[in-house]
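Some notes on the structure that comes next.
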Amino acid sequence: MIRRGAGLAAFLVATPVLIGIAYSALASVGLLGPGSTGFSTASWASAFDDPQLLRGLGWSLWVASAATALATMAAVVVAALFRPGTRSSGVARLLAVMPLPLSHLAAGVLGVLVLGQSGLLARGAFMAGWIDQPAAMPALIYDQWGIGLIVVLAWKEFPFLALIAFSLLADRGRALEEAARTLGARGRAVFWAVTWPVLWRGLMPAVVAVFAFVAGTYEATVLLAPSDPLALPLLTMERYTDVGVAKRGEAHVLVLIGLVVGIGAVALHEAARARDRRAT
Amino acid sequence: MTSVPAMLRRGLLPLLLLSAAMPLAILGLASIGSDWFFPALLPGTFSLASWRNVVGTGALLGPALLASAALALATGLAAMVFGAFAGSAIAAATGWRRVIGAGAAFLPVAAPPVALATGLHATLLGAGLGSSIVGVFVAHVVPACGYTTLYFLGIFTVREGGHEDAARTLGAGRFDVLRRVTIPMMHRELLEALLLGAIVSWGQVALTLVAGGGSVRTLPLEVIDYLVAGQDQLAATGSLLLVIPPLAAFGLMRLALRNVELVLP
Amino acid sequence: MRGWRWLQLPALLCGALVMACDRVAPEPTSRAIAAQPWDSVLAQARGSTVTWRMWRGDPSINAFIDQWVAPRLLERFGITLEVVPGQGPGMVNLLVTEREAGARGSSDLLWINGATFASLRREDLLLGPWADRLPNARYIDTASVIIARDFEQDPGGYESPWGQVEYALIYDSARVPDPPRSVAELGAWIDAHPGRFTHDQSFSGMTFLKILMYALGGGVERFQGGFDSTAYAAGRDSVLGWVTRHRAGFWRLGATYPAGVAELHRLFANGEIDFSMSNNENEVISKVRQGILPATARPLLLRDGMLANAHYLGIPVNARNPAGAMVVADFLLSPEAQLEKLRPEVWADGSVLDVSRLPEPWRGRFAAQARDPHALSPDSLRRYARPEVDPEYHERLTDDWRRTIRANTPR
């Protein structure tokens with residue numbers, strides 16, 4: 001294959017994003033796009049002047065962290081428990097990855113239908129006599145902490161991480177674990193000394209990608225998130241489709257902030273990996 | 001006495017079954033039922049009305065399904081080929097080249113779709129591809145290539161090129177090595193990358209909306225419009241159409257890979 | 001250097017971006033069409049395709065366009081109708097981007113009003129004046145302030161009226177047999193029934209706040225005659241004060257608000273709240289027919305006055321087929337098309353025609369038009385209709401509500 005193509009590959013894959021960033025940067029200072037009136041930093045000033053920005057950013061980071069952590073834990077547990085060998089564990093692995101192709105939009109719709117205060121869970125609770133009206137059901141969607149959104153996003157991302165975890169354990173985990181057993185390690189010791197490190201290192205890039213994606217995802221968020229704090233993707237879209245075109249510049253400021261979140265996650269990961277390599 | 005892992009396994013299995021079966025069951029019910037108000041567990045009336053919007057005259061969901069499928073397939077193929085080359089190239093690099101390469105591959109994955117969409121749309125319009133299905137394809141290919149490049153970067157980082165080296169020693173040309181050694185050996189990885197790229201395209205909303213100028217109608221866009229209009233039955237039917245084809249592709253892939261060593265049963 | 005061939009595409013893209021930065025003036029060809037005799041407009045339109053960008057979210061409206069309008073356009077005028085989806089802010093974004101890139105237009109006809117019209121006019125993206133030249137324009141109810149002024153703006157021939165609607169609350173006659181009928185009664189009702197009322201964050205929710213602003217701020221007259229910051233500040237304070245006073249009685253204590261009117265309908269239909277609302281007084285009727293709202297749902301007007309507005313058709317400055325677009329707009333204004341649109345089982349969208357100006361048999365047909373038994377009477381609709389004011393009121397009120405109410409949840 002191409003031996004010297006790394007630079008070219010990087011260039012090709014990054015250029016469209018860089019064009020997007022350039023456009024947003026120009027639009028954020030009033031040089032491009034609807035409502036642009038020549039160079040001005042007004043959009044930056046008013047975006048940062050809005051208290052909704054920091055709270056929305058913090059909230060999005062919380063939801064992304066919680067959902068990514070939940071999905072990762074579930075993937076590790078399922079991968080560690082259902083190892084190849086028996087038929088039932090094969091079925092379990094298949095069931096685990098089944099929701100993989102589900103779109104975030106469909107996942108969000110399901111979240112509303114199941115978790116809403118008048119959703120299927122609430123109806124079941126009503127039938128069981130536990131609640132007498134929707135308001136008696138705990139608020140799982142449009143709630144301050146984003147519980148329903150976190151559950152839905154974790155459920156949606158879990159199959160992706162599980163698929164990679166299965167693959168990691170099948171490729172490298174098995175041989176290493178056998179070696180560890182030959183050397184006398186047992187049960188829990190094998191897990192913590194071999195299985196866990198293999199999963200953790202192998203899963204990290206996917207976990208970072210999931211985090212960056214979840215922090216910026218719009219479809220499930222708009223269906224399940226509260227209006228205060230307003231998640232960063234919602235705040236961005238609200239500015240982008242505001243009735244007054246004057247808000248478009250602010251939308252591009254928020255776009256750039258979202259980009260910093262995604263790139264920040266990647267940079268942290270790369271830095272951690274570099275440190276890891278030096279340490280070992 | 002049963003061990004803790006065994007008990008966990010027994011407890012988790014029904015949960016996994018629920019997570020796999022629930023989407024189809026609930027969306028299926030919602031797509032044929034209306035008058036489904038709290039506290040009713042089942043819809044009050046059933047009708048196939050929303051399914052007429054898949055095929056009948058003036059149907060919106062059917063054509064959108066076709067557009068989505070064509071885009072997903074084309075995007076998957078393009079991203080598979082690109083990702084394999086780019087991933088192997090970056091994996092072969094060392095030092096700062098590799099860091100920059102990996103960082104670049106992360107960019108389209110980590111960038112929020114709107115960041116990509118607006119600039120891309122302006123560029124595509126300038127190139128005469130704006131608001132067309134080709135423009136949307138180009139827009140979908142960007143994040144899809146990011147994902148497949150990262151995917152192959154992982155694969156090629158751990159993969160040893162021993163078989164290729166052996167073939168080359170035996171006098172095989174570059175193309176022969178690719179055709180007779182690498183591609184047959186990487187059967188599974190290539191198909192998985194195809195599926196990965198296709199799924200990225202399949203679920204896109206923001207990129208399609210902006211790069212297509214709203215004129216290119218894919219299934220997720222129809223579903224969003226129905227949701228915004230409160231047409232839950234039609235939205236459920238559209239969502240169900242969003243779930244079935246990838247599931248089928250998934251199943252087909254498993255069949256096609258019967259003879260390859262698989263992680264999945 | 002095999003690699004350099006690969007560089008051509010990105011280089012092309014970068015070049016395009018640079019090109020995008022200096023604005024290409026639109027081709028002036030289409031402006032001339034508006035001045036031609038109608039016969040020649042008809043002749044040019046024959047055999048052409050008209051791309052109509054409009055909101056596509058309601059199956060009843062879609063069915064009317066696809067199954068009633070489109071075949072008639074083809075049969076009578078030889079026009080093929082192609083409908084593409086798009087809404088206000090998205091249309092503005094699209095047209096600006098098309099102009100920046102110097103690209104060909106992707107729409108001939110736009111469904112617009114209010115703030116979208118204002119934005120498009122401000123950006124000089126609408127073709128005109130052409131609307132007054134349509135043959136059917138002579139039947140328009142020009143005496144109605146709702147139709148003659150679009151959010152106080154003079155359409156000036158840059159858009160042609162298509163329909164009109166009036167804002168209405170929606171309640172469930174089974175759950176609330178005796179609903180509040182004024183803003184004061186509504187406030188008392190909210191206090192007495194905590195957790196059963198809210199409004200959404202989108203356009204319709206903000207329109208509800210504007211209705212409150214008229215009612216609590218001394219009537220619509222205070223806000224007419226262009227945007228006035230003093231009148232606005234007083235109006236805003238009274239609305240936001242009202243909301244703050246009753247907020248504890250809102251759904252979820254007013255800590256969160258549904259994203260759009262669809263979410264509001266869903267909460268209402270499932271009994272989480274007792275009121276929904278709609279920009280269109282007849283939406284409740286079509287949603288009941290569709291099984292989305294319960295059969296006992298009814299429209300409700302507040303005596304303090306509601307809001308009525310008209311919606312229009314515009315032609316973008318980069319339209320490829322302005323002649324065809326004008327013919328479509330004229331057909332949609334015809335008594336036949338306006339009557340069909342009015343029928344409750346079709347769309348129930350208000351006509352913009354003055355029935356007294358119509359020739360027979362149309363006058364009789366409009367008079368005999370059956371109405372849904374649960375629809376509001378034309379008399380009360382007329383009595384409580386208040387016109388829209390300058391779009392800036394809407395923009396500012398939305399902004400201030402977001403900052404002072406939505407972002408400040410009492411916890």
Side-chain angles (χ1 to χ4, degrees), chain A residues 1-3 5-7 9-10 12-14 16-17 19-24 78 81-82 90-99 101-106 109-110 113-114 118 122-123 126-127 134 155 166-167 170 205 209 212-213 216 218-219 233 236 240 255 258-259 262-263 265-266 270, chain B residues 5 8-9 12-13 16-17 19-20 23 26-27 30 38-39 41 85-86 88-90 92-93 97-101 103-112 114-116 118-120 122-123 142 145-146 149-150 154 199 202-203 205-206 220 223-224 235 239 242-243 246-247 250 263-265:
Chain A
M1 300 235 172
I2 303 173
R3 294 260 174 223
L12 282 176
V13 77
V17 188
I19 291 179
I21 296 172
Y23 188 97
S24 284
V78 168
L81 283 176
F82 297 100
V91 172
R93 287 202 304 279
L94 178 67
L95 290 176
V97 296
M98 278 264 283
L102 196 75
S103 73
H104 282 79
L105 192 54
V109 174
L110 283 165
L113 290 176
V114 175
S118 54
R123 294 173 195 207
F126 180 87
M127 291 297 168
W155 172 66
F166 295 156
S167 171
F213 180 88
Y218 176 79
E219 294 88 348
T236 309
Y240 193 70
V255 159
L259 193 74
I263 291 177
V266 174
E270 290 288 318
Chain B
L8 274 176
R9 268 193 284 270
L12 276 174
L13 208 53
L16 291 172
L17 181 67
S19 129
I26 294 178
L27 291 175
F38 182 89
L41 279 176
F85 280 97
S88 70
I90 296 172
R97 277 203 181 104
R98 196 198 140 94
V99 173
I100 290 198
F106 259 117
L107 258 188
V109 175
V114 178
L116 271 173
T118 318
L120 213 53
T123 315
V142 173
C145 281
T149 303
L150 284 180
I199 286 177
W202 186 254
V205 174
V223 173
I224 286 239
S239 303
L242 272 174
V243 176
L247 266 185
F250 210 61
V263 184
L264 292 173

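Small disclaimer: the values here were computed from a predicted structure and weren't measured. Proteins come first, then strands; the chains are lettered A, B, ... in the order of their sequence lines, and each starts at number 1.
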| task | Among the options B:P108, B:A30, B:C145, pick out the one with the most heavy-atom pairs lying under 4.5 Å from chain A. | result | B:P108
| Which residues share a side chain to side chain donor-acceptor pair (under 3.5 Å) with A:Y218, sequence neighbours left out | none
| Which residue out of A:L102, A:V114, A:L259, A:L113 racks up the most heavy-atom pairs below 4.5 Å with chain B? | A:L259
| task | Measure the spacing between NE2 of A:H104 and CG of B:L242 and express it to the nearest 0.5 Å. | result | 12.5 Å
| So which heavy atom on A:A14 is nearest to which on B:A104, and how close? | CB-CB, 3.9 Å
| Of all heavy-atom pairs between A:P16 and B:L120, which one has the smallest distance, and what is that distance? | CB-CD1, 3.9 Å
| task | Could you look at B:L150 and say if it's the side chain, the backbone, both or neither that has a heavy atom under 4.5 Å from chain A? | result | neither
| Who wins among A:I21, A:L105, A:V255 for the most heavy-atom pairs under 4.5 Å with chain B? | A:L105
| task | Counting only heavy atoms closer than 4.5 Å, note whether B:I90 contacts chain A via side chain, backbone, both or neither. | result | both
| said: With heavy-atom distances below 4.5 Å as the criterion, would you say the side chains of B:L27 and A:L110 are in contact? | reply: yes
| said: If I measure from the heavy atoms of chain B, does A:P134 come under 4.5 Å with its side chain, its backbone, both, or neither? | reply: both
| task | Heavy-atom distances under 4.5 Å only: say whether A:A265 touches chain B with side chain, backbone, both or neither. | result | neither
| said: Among residues at least two apart in sequence or on other chains, which ones pass side chain to side chain donor-acceptor pair (under 3.5 Å) with A:S24? | reply: A:H252
| note | For B:V109 and A:A209 the tightest heavy-atom approach is CG1-CB, 3.9 Å
| message | So does A:L81 get a backbone contact from the side chain of B:R9, meaning a donor-acceptor N/O pair under 3.5 Å? | response | yes
| query | How far does CG of B:L16 sit from CE of A:M98, to the nearest 0.5 angstrom? | reply | 11.0 Å
| Between B:S19 and A:W155, do the side chains contain an N or O donor and an N or O acceptor separated by less than 3.5 Å? | yes
| field | Residue part contacting chain A, namely of B:A235, when any heavy atom lies under 4.5 Å | value | neither
| remark: Given B:L41, B:I199, B:L8, the one with more heavy-atom pairs under 4.5 angstrom with chain A than any other is B:L41
| task | Carefully, step by step, assess A:F82 and B:L13 under the rule side-chain contact (heavy atoms from CB on, under 4.5 Å). | result | CA-CA 10 Å; A:F82 297 100; B:L13 208 53; 4.3 Å; yes
